[in-house]
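To start, the structure itself, in structure tokens.
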Amino acid sequence: MEPIPLLTPYKMGQLDLSHRVVLAPLTRQRSYGNIPQPHAAVYYAQRATPGGFLITEATGVSDTAQGYHNTPGIWTSEHVEAWKPIVAAVHAKGAVIFCQIWHSGRVSSYELQPGGKAPVSSTEKGVGPQMSFDGRLEQFSPPRRLTVEEIPVIVDDFRKAAKNAIDAGFDGVEIHGAFGYIIDQFLKDNPNDRTDEYGGSVENRCRFALEVVEAIAKEIGGHRVGIRFSPFADYMECHDSNPHSLALHISTKLNDHNILYLHMIEPRMAIVEGRHVVPKRLLPYREVFKGAFIANGGYDGAEGNKVVTEGYADLVSFGRLFLANPDLPKRFEVGAELNDYDRMTFYTPDPVVGYTDYPFLE
């Protein structure tokens with residue numbers, strides 16, 4: 001019998017993975033008061049397999065990084081101690097786990113910021129109200145543009161968060177550079193209206209992201225660092241007039257820092273002959289980046305197998321499918337039917353419902 005491509009082993013740097021089905025980072029909003037909770041150990045361990053690779057939900061690098069209620073942090077010793085048993089539960093199952101570290105930038109509000117101050121960003125342009133999955137209208141406060149002198153402070157927050165993640169036992173970190181949060185706010189020319197060395201040309205707009213990468217790689221080693229980008233997305237009013245040029249530049253420049261992997265999100269799925277099709281427009285970036293390449297965005301098992309076979313991606317990350325199917329690699333192996341996900345409980349702050357109560361095959 002032919003091996004299933006997604007279930008073949010892969011050596012990612014120093015990590016020996018038994019399969020290529022990755023848990024994508026998924027915000028779940030169940031970390032009360034920004035403290036990771038014991039139920040997260042259950043959730044991540046459910047999705048852990050020997051030699052599997054998991055990426056946590058976006059985790060704040062500082063007290064100014066928060067954009068939503070009940071998202072975890074990694075900037076205090078209390079956060080580090082709270083993450084330790086969660087990481088240990090995943091390691092006990094033989095899996096590898098990276099902490100995704102983020103700063104939400106302007107996707108925040110006075111209420112979530114220390115002292116009720118304005119969120120910080122590359123710009124003073126705010127984000128309009130956004131409709132969430134469950135029909136709530138999310139409102140964001142007008143941001144304050146970071147000065148050139150303040151930017152190194154944010155870079156250092158990322159560095160310290162990465163060090164804290166390693167202290168908590170994580171195998172590495174993924175830098176969140178996607179979906180309209182602070183790094184994306186610098187990368188893309190729609191939000192970034194700066195006229196200093198962090199704005200204007202594609203080289204300038206990539207400067208902040210690359211400074212974060214450099215600081216973290218120096219702190220914990222490039223072999224423990226991945227980064228995620230969504231060049232084609234317009235999430236949170238964050239889009240670029242030439243996403244291909246942007247993605248090609250940043251993918252190439254990452255090679256200067258010898259990081260472990262690049263995790264990139266496809267453009268929105270296209271409708272072809274009445275069905276959704278993954279656009280598969282990431283090949284140029286896969287070809288220039290020298291580390292491992294993880295593709296994400298609308299993939300199912302069949303499409304995932306196809307891109308691994310073609311060499312288009314080394315690994316494929318799954319979000320909603322893995323959320324609803326804690327034994328997703330097993331289901332791919334036996335060709336089992338998948339559980340449906342419930343959008344209405346993606347962000348419900350319940351320790352069980354929509355979180356650890358999705359059924360296993362057995």
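- Residues F179 and W102 fail the side-chain proximity criterion, which asks for heavy atoms closer than 4.5 Å.
- Checked by atom type and distance alone, the side chain of S109 never pairs as donor or acceptor with a backbone atom of S141 at under 3.5 Å.
- Contact of the H103 side chain with the I154 side chain is registered, since non-hydrogen atoms from C-beta on lie closer than 4.5 Å.
- Side-chain contact between V148 and Y198 is present, with heavy atoms from C-beta onward closer than 4.5 Å.
- A salt bridge does not link E211 with R207: none of the charged nitrogens is closer than 4.0 Å to a carboxylate oxygen.
- Ring-centre distance between Y358 and Y341: not below the 6.0 Å cut-off.
- Contact check for Q29 versus P349: no side-chain heavy atoms found under the 4.5 Å cut-off.
- At least one side-chain heavy atom of N34 sits under 4.5 Å from a side-chain heavy atom of Q66.
- In this structure, the side chains of L112 and H69 come closer than 4.5 Å at one or more pairs of heavy atoms.
- At least one donor-acceptor pair under 3.5 Å links the side chain of S122 to the backbone N or O of Q185.
- If you look at H244 and Y285, their ring centroids are closer than 6.0 Å.
- Using the six-membered ring where Trp is involved, Y261 and F98 have ring planes that are tilted, between 30° and 60° apart.
- A salt bridge does not link K163 to E219: none of the charged side-chain nitrogens sits closer than 4.0 Å to a carboxylate oxygen.
- Contact annotation: the side chain of I182 approaches that of L146 to within less than 4.5 Å [non-hydrogen atoms, C-beta and beyond].
- Proximity of a side-chain donor or acceptor of T147 to a complementary backbone N or O of E150 within less than 3.5 Å is detected.
- Counting heavy-atom neighbours within 6.0 Å of D340 CG, excluding the residue itself, gives a total of 12 or less.
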